[in-house]
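Below is one structure, written out as structure tokens, with a few remarks after it.
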Amino acid sequence: MVWQPEVEELARRRAFAAQMGGEAGIAEQRRRGKRTVRERVEMIADPGTFAEIGGLAGAATYEGNDLVNVRPSNMVIGTARLDGRPAVVTAGDFTVRGGSADGSIGNKGGHAQKMALDWRLPFIRLLDATGGSVKTFEQIGRTYIPTNPVTPGVQDLLCQVPVAAAVLGSVAGLPAVDACLAHFNVMVKGISQIFPGGPPVVKAALGIDISKEDLGDERSQVFDSGVVDNLASSEEEAFDMIRAFLSYLPANVWQMPPRGDTGDDPERRDESLLSAIPREKRRLYDPRKILSAVLDQDSFFEITPHYGRSRIVGLGRLNGYPVGVMINNPKRLGGSMDVSAGVKVIRFLQLCDTFHLPMVYLADEPGFMVGPEQQRQGIVRAGAKMLCATLRTRMPWISVIIRQLYGVAGQCHDRPSGMFKRVAWPSGHWGSMHIAGGVSAAYRRIIAESDDPEAKRLEIEDKLEALASPFKTAEAFNIEEIIDPRETRPMLCEFVEMAQDVLKTQLGPSPTPYMP
């Protein structure tokens, strides 16, 4: 027992770490409906797999040479397994100085980030921290230029490994930005807020009194701005979402996405697809029912469902292979592309291109949203960005035109190079612009000079509508194929199977860097 005293000292110091911010801090954490940092880590990790790094780091208090106490660092880091797959985890401890910078010890966050990059492992941030604090000035005896040792390298991290973040409290400053330096993030209703500066900072800067909830809870961050992708009702659900998100992605860009066995027949032909699109062009339908009919059963994981709602995006499986999926949502703005939907889709395209997921787009695109509000938001420039983002992608892409495809927004289903396939359902119709609005513009003089302008307009519209049959487009080989809607799933499964060999040639970082 030569080293028994040191082993006992090790156990004592581990006990200090386990106390976190002390009984009062833990009690306040629970009063706010939040779990402690160590409970969170154990909850997201497979049982018994979390291996802590830097657990002894802390601010020690001595009386002479005798250790009295160690206030632990307010960041817990380590490795863990999620559904059997290794990952690097960091978690902020709000019970220690509110997770602020003056409670940190060393560069634990930077160490974990570099580890994820060097070991090529997914990186998970559990955020519950306020970021910088003016108390740090007193602590170090000066102010400082705002730099952070954690930040450098994150631009490479996002291009090489999956990064996910959970907002689990009032998160401000750098931790708030960290929440967005991720491919997927989630916040918890009732306990989470996110902002660059909290209510005291807003009061000092603008003279506005505002609560942290009104400033940065899910109302503004999930529904209005799309800063946070998904909303969970509990911490458990947030962790389930992160695990689900990671299950579709490889550990890094040098690996293929993991195939899973869903037990769903790739040859399944769903009869409901034959009536999925109403014959009347203005009638709505449920796009999620179409996704259920063509994807592997129960495999769709929606991302950013509350923002940019005219386009539904998410991850799914076809014959077990992970894919990116998009479909227009006619229940929101008729499915047209507004600025918020464009922002959402661009991020999603980058995600799929970075991690080698084939793109499946079920297109019903009426065009870019028009009107004064979208003009104020810059829809034209947003549309240009959307077009370029589509053209820059390289992953295998298949578009199924299920109803309409119009204007420049309609062009964002296509790509001039790489593995690309396009088919249409018999319900498809398309063009540079809609016939109804286009006739009033292109035939304005003829209509105005006629004896009955309204009758003349309808006459011209009827004549052009007769030319809008998708079969006439197929005769000119302007659409590659028109298919029975029931053939969609088998065709998609075959395409994704063929795409695997192409994806293997694209392993490694994408030539277009990921931008959050």
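- Between Glu42 and Arg35, none of the side-chain N atoms (NZ, or NE/NH1/NH2) sits under 4.0 Å from a carboxylate O, so this pair counts as no salt bridge.
- Between the Arg489 side chain and the Val294 main chain, a donor and an acceptor come within less than 3.5 Å of each other.
- Not counting sequence neighbours, the partners of Glu494 by the side-chain contact (heavy atoms from CB on, under 4.5 Å) test are Met498.
- Taking all atoms of both residues into account, the shortest heavy-atom contact from Tyr248 to Pro257 is O-CB, 3.7 Å.
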*Worked verdict on Glu487 versus Arg269 for salt bridge (Lys or Arg N to Asp or Glu O under 4.0 Å)*: CA-CA 6 Å; Glu487 298 171 355; Arg269 288 163 166 78; over 6 Å; no
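- Under 4.0 Å is where a charged nitrogen must lie from a carboxylate oxygen, and between Arg422 and Glu480 at least one such pair does.
- Looking only at distances, a side-chain donor or acceptor of Glu237 sits under 3.5 Å from a matching main-chain atom of Ser233.
- For the pair Ala363 and Leu405, the tightest heavy-atom approach, listed with the atom from each and the gap, is CB-CD1, 3.8 Å.
- Once rounded to the nearest 0.5 Å, the distance linking CG of Asp178 with CG of Asn185 reads 11.5 Å.
- Put simply, CG on Asp364 and CG on Asn329 are 9.5 Å apart, with the number rounded to the nearest 0.5 Å.
- In this structure Gln155 satisfies the side-chain contact (heavy atoms from CB on, under 4.5 Å) test with no other residue, sequence neighbours excluded.
- A side-chain contact (heavy atoms from CB on, under 4.5 Å) with Cys352 is found for exactly one of Leu357, Val360, Thr393, Val323, namely Leu357.
- Summarising the local packing, CE of Met43 is surrounded by more than 12 heavy atoms from other residues, nucleotides or ligands at distances under 6.0 Å.
- When ring centroids are compared, Tyr361 and His413 stay outside the 6.0 Å threshold.
- Taking a cutoff of 4.0 Å between a charged side-chain nitrogen and a carboxylate oxygen, Asp209 and Lys203 qualify as a salt bridge.
- Side-chain contact between Pro426 and Pro485 is present, with heavy atoms from C-beta onward closer than 4.5 Å.
- Applying the ring-ring contact (aromatic ring centres under 6.0 Å, His included) definition to pairs two or more places apart or across chains, those involving residues 156-195 are His183-Phe355, His183-Tyr514, Phe184-Phe245, Phe184-Phe301.
- The two residues Leu246 and Pro122 make their nearest non-hydrogen contact at CD2-CB, 4.3 Å.
- Remark: Leu333 engages Ser310, Ser336, Asp338, Met369 in a side-chain contact (heavy atoms from CB on, under 4.5 Å) (not counting sequence neighbours).
- Nearest heavy atoms, Pro513 versus Gln350: O-OE1, 3.7 Å.
- Listed for the Thr390 side chain is a donor-acceptor partner under 3.5 Å among the backbone atoms of Met386.
- The side-chain hydrogen bond (donor to acceptor under 3.5 Å, both in side chains) search around Thr354 returns none, not counting sequence neighbours.
- The side-chain heavy atoms of His356 and Val253, taken from C-beta on, include a pair separated by under 4.5 Å.
- Side-chain contact between Val400 and Met491 is present, with at least one heavy-atom pair separated by less than 4.5 Å.
- Applying the side-chain hydrogen bond (donor to acceptor under 3.5 Å, both in side chains) test to Asp264 and every residue at least two apart in sequence or in another chain returns Arg268.
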*Check the pair Ser170, Gln193 against side-chain hydrogen bond (donor to acceptor under 3.5 Å, both in side chains), reporting the backbone distance first and the verdict last.*
CA-CA 5 Å; Ser170 297; Gln193 305 86 36; 2.5 Å; yes
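- Taking the salt bridge (charged side-chain N to carboxylate O under 4.0 Å, His left out) definition, one finds that Asp298 meets it with nothing, sequence neighbours left out.
- Judged by the 6.0 Å and 45° rule, Arg415 forms no cation-pi pair with Phe420.
- Side-chain polar atoms of Gln160 and Asn252 form no donor-acceptor pair below 3.5 angstrom.
- The heavy-atom pair separating Ala80 from Ala45 by the smallest distance is CB-CB, 3.6 Å.
- Remark: Arg40 engages Asp128 in a salt bridge, criterion side-chain N to carboxylate O under 4.0 Å.
- How far CD1 of Ile194 is from CG of Asp217: 12.0 Å, rounded to the nearest 0.5 Å.
- By the 4.5 Å heavy-atom criterion applied to side chains, Ile77 and Val89 are not counted as neighbours.
- Looking at Arg347 and Asp229, a side-chain N of the basic residue comes within less than 4.0 Å of a carboxylate O on the acidic one, giving a salt bridge.
- Annotation: ring-ring contact (aromatic ring centres under 6.0 Å, His included) contacts involving residues 269-288, sequence neighbours excluded, are absent.
- Applying the salt bridge (charged side-chain N to carboxylate O under 4.0 Å, His left out) criterion to Lys114, with sequence neighbours excluded, gives Asp118.
- Without hydrogens or angle criteria, Glu218 side chain to Phe223 main chain gives no donor-acceptor distance under 3.5 Å.
- With 3.5 Å as the limit, one finds no donor-acceptor pair spanning the side chains of Glu302 and Asn230.
- When side chains are defined from C-beta on, Cys180 counts as touching Val227, because their heavy atoms get closer than 4.5 Å.
- The closest donor-acceptor contact from the side chain of Glu39 to the backbone of Thr36 lies under 3.5 Å.
- Side-chain contact of Asn328 with Glu365: a donor-acceptor pair under 3.5 Å is present, judged by distance alone.
- Put simply, OG on Ser399 and NZ on Lys421 are 11.5 Å apart, with the number rounded to the nearest 0.5 Å.
- Salt bridge annotation for Arg317-Asp296: absent, with no cationic side-chain nitrogen under 4.0 angstrom from a carboxylate oxygen.
- At a threshold of 4.5 Å between non-hydrogen side-chain atoms, the residues Ile44 and Arg243 count as touching.
- The salt bridge (charged side-chain N to carboxylate O under 4.0 Å, His left out) search around Asp265 returns none, not counting sequence neighbours.
- Remark: side-chain polar atoms of Arg259 are paired, donor with acceptor, to backbone N or O of Asn319 under 3.5 angstrom.
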*Carefully, step by step, assess Arg392 and Asp353 under the rule salt bridge (Lys or Arg N to Asp or Glu O under 4.0 Å).*
CA-CA 9 Å; Arg392 285 194 182 109; Asp353 213 30; over 6 Å; no
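- Residues that satisfy the side-chain contact (heavy atoms from CB on, under 4.5 Å) test with Lys289, not counting sequence neighbours, are Asp286.
- No side-chain donor from either of Thr79 and Trp119 sits under 3.5 Å from a side-chain acceptor of the other.
- Other residues, nucleotides and ligands place more than 12 heavy atoms under 6.0 Å from the CZ atom of Arg219.
- Judged by distance alone, with hydrogens and angles left aside, the side-chain atoms of Ser211 form a donor-acceptor pair with the main-chain N or O of Asp214 at under 3.5 Å.
- Closest heavy-atom contact between Lys281 and Arg403: O-NH1, 3.2 Å.
- Arg120 pairs by the side-chain hydrogen bond (donor to acceptor under 3.5 Å, both in side chains) definition with nothing, not counting sequence neighbours.
- Under a 3.5 Å cut-off, the side chain of Lys344 and the backbone N or O of Tyr307 do form a donor-acceptor pair.
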